[in-house]
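Computed over heavy atoms, backbone and side chain alike; hydrogens, waters and symmetry mates excluded. Here, residue 1 is the first one in the sequence, and each next residue gets the next number.
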Amino acid sequence: MARKIIGITGGIGAGKSVVSRILRGRGYPVFDCDYEAKVLMSCNKDLIRSLIELVGEATYINGELDRAYLASVIFTDAEKRAAVNKLVHTAVRQEFIRRAQDTSGLFFVEAAIMASSGLAALCDGVWVVDAPDGLRFKRALERGSISPEDLRKRFESQSNELEILKQTGVPTCLIDNSSTSRLCERIDELIDR
């Protein structure tokens with residue numbers, strides 16, 4: 001079977017990771033861009049050097065990425081967010097391409113920022129996971145890793161992503177994740193296509 005790359009995207013709290021877990025449980029490879037970005041920001045020397053030059057020495061403390069500091073900068077400064085995203089997305093995209101080259105069959109890539117990162121252009125289709133904003137907000141808050149104020153900023157920073165995705169022309173399919181009762185059925189329907 002020829003390789004087919006499917007993107008998985010959606011805003012914070014929509015359930016991208018749930019969909020990815022279901023796919024992994026069924027034996028499909030899923031490239032998680034958030035996870036890979038964290039790995040690359042911790043070990044890719046060129047990326048680390050570029051982040052320090054862009055955001056400042058406080059970005060890394062004793063060689064460890066200070067995620068809280070980086071988030072405080074990029075979610076309040078749109079220019080820096082765009083520049084950091086460009087650096088990180090380039091590194092992640094290169095790693096994704098490297099891994100995807102040796103696969104066949106279905107290969108999934110999960111990313112919150114699928115279109116503006118350039119990943120959508122590498123996909124044969126994109127699954128958009130969605131849920132009502134109130135439910136997404138509740139789910140994200142329940143994780144306990146973000147304040148309501150920071151969460152609102154992230155919601156705002158991701159608001160244009162679906163519009164950008166529509167402009168790419170890549171075929172999309174919606175996965176309604178407002179309840180888990182039909183989630184597995186919907187995933188099966190999309191895989192059967």
To which residues is Val39 joined in a hydrophobic cluster, defined by side-chain heavy-atom contacts under 4.5 Å among Ile, Leu, Val, Met, Phe, Trp and Tyr, whether direct or through other members?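 For the cluster that includes Val39, the remaining residues are Tyr35.
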
Ion pair present between Glu36 and Arg93, side-chain N to carboxylate O less than 4.0 angstrom?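 Not counted as a salt bridge, because no side-chain N and carboxylate O are separated by less than 4.0 Å.
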
Asp46: which residues meet the salt bridge (charged side-chain N to carboxylate O under 4.0 Å, His left out) condition with it, sequence neighbours left out?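 Partners of Asp46 by the salt bridge (charged side-chain N to carboxylate O under 4.0 Å, His left out) criterion, ordered by chain and then number, come out as Arg49.
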
Are [Y] and [X] linked, directly or through intermediate hydrophobic residues, by side-chain heavy-atom contacts shorter than 4.5 Å (ILVMFWY only)?
X	Y	value
Ile164	Leu122	no
Leu47	Ile97	yes
Val92	Leu65	yes
Val73	Val88	yes

Closest contact, heavy atoms only, Ala131 versus Leu135: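 Smallest heavy-atom distance, with atoms named: CB-CD2, 4.2 Å.
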
Val170 versus Cys123, closest heavy-atom pair with distance: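 That closest heavy-atom pairing would be CG1-O, 3.9 Å.
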
Answer yes or no: is there a side-chain heavy-atom contact under 4.5 Å between [X] and [Y]?
X	Y	answer
Ile175	Leu190	yes
Leu119	Cys33	yes
Asp32	Arg24	yes
Val126	Ile8	no
Leu54	Val84	yes
Asn44	Ile48	no
Ile52	Glu57	yes
Lys4	Ser104	no

Hey, does the side chain of [X] reach the backbone of [Y] with a donor-acceptor pair shorter than 3.5 angstrom?
X	Y	answer
Arg186	Leu174	yes
Lys16	Gly11	yes
Asp124	Ile5	yes
Arg136	Gly13	no
Ser72	Tyr69	yes
Arg3	Phe107	no
Asn177	Ala14	yes

Trace of the side chain to side chain contact (heavy atoms under 4.5 Å, CB included) decision for Ser116 with Asn85: CA-CA 9 Å; Ser116 55; Asn85 282 343; over 6 Å; no

Can you confirm whether Glu142 is buried at CD, in the sense that more than 12 heavy atoms of other residues, nucleotides or ligands lie under 6.0 Å from that atom?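 Correct, the count exceeds 12.
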
Asn62 CG: over 12 foreign heavy atoms closer than 6.0 Å: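 Open: at most 12 neighbouring heavy atoms sit under 6.0 Å from CG of Asn62.
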
Calculate, to the nearest 0.5 Å, the distance between atoms [atom1] and [atom2] belonging to [X] and [Y] respectively.
X	Y	atom1	atom2	answer
Leu70	Lys80	CG	NZ	10.5 Å
Thr172	Met114	OG1	CE	11.5 Å
His89	Ile113	NE2	CD1	4.5 Å
Arg182	Asp176	CZ	CG	9.0 Å
Leu183	Asp188	CG	CG	9.5 Å
Arg99	Asp102	CZ	CG	11.5 Å

Side chain to side chain contact (heavy atoms under 4.5 Å, CB included) evaluation trace for Ile6 with Trp127: CA-CA 7 Å; Ile6 304 296; Trp127 295 357; 3.5 Å; yes

Could you go step by step and tell me if Val109 and Phe96 meet the side chain to side chain contact (heavy atoms under 4.5 Å, CB included) rule? CA-CA 8 Å; Val109 54; Phe96 167 72; 3.6 Å; yes

Can you confirm whether the side chains of Thr9 and Glu110 place a donor and an acceptor under 3.5 Å from each other?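 No.
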
Hey, can you tell me if Tyr28 and Phe108 have their rings parallel, tilted or perpendicular (30° and 60° cut-offs)?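 Ring orientation, 0 to 90° scale: perpendicular.
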
Could you go step by step and tell me if Ser50 and Lys45 meet the side chain to side chain contact (heavy atoms under 4.5 Å, CB included) rule? CA-CA 9 Å; Ser50 295; Lys45 291 179 182 175; over 6 Å; no

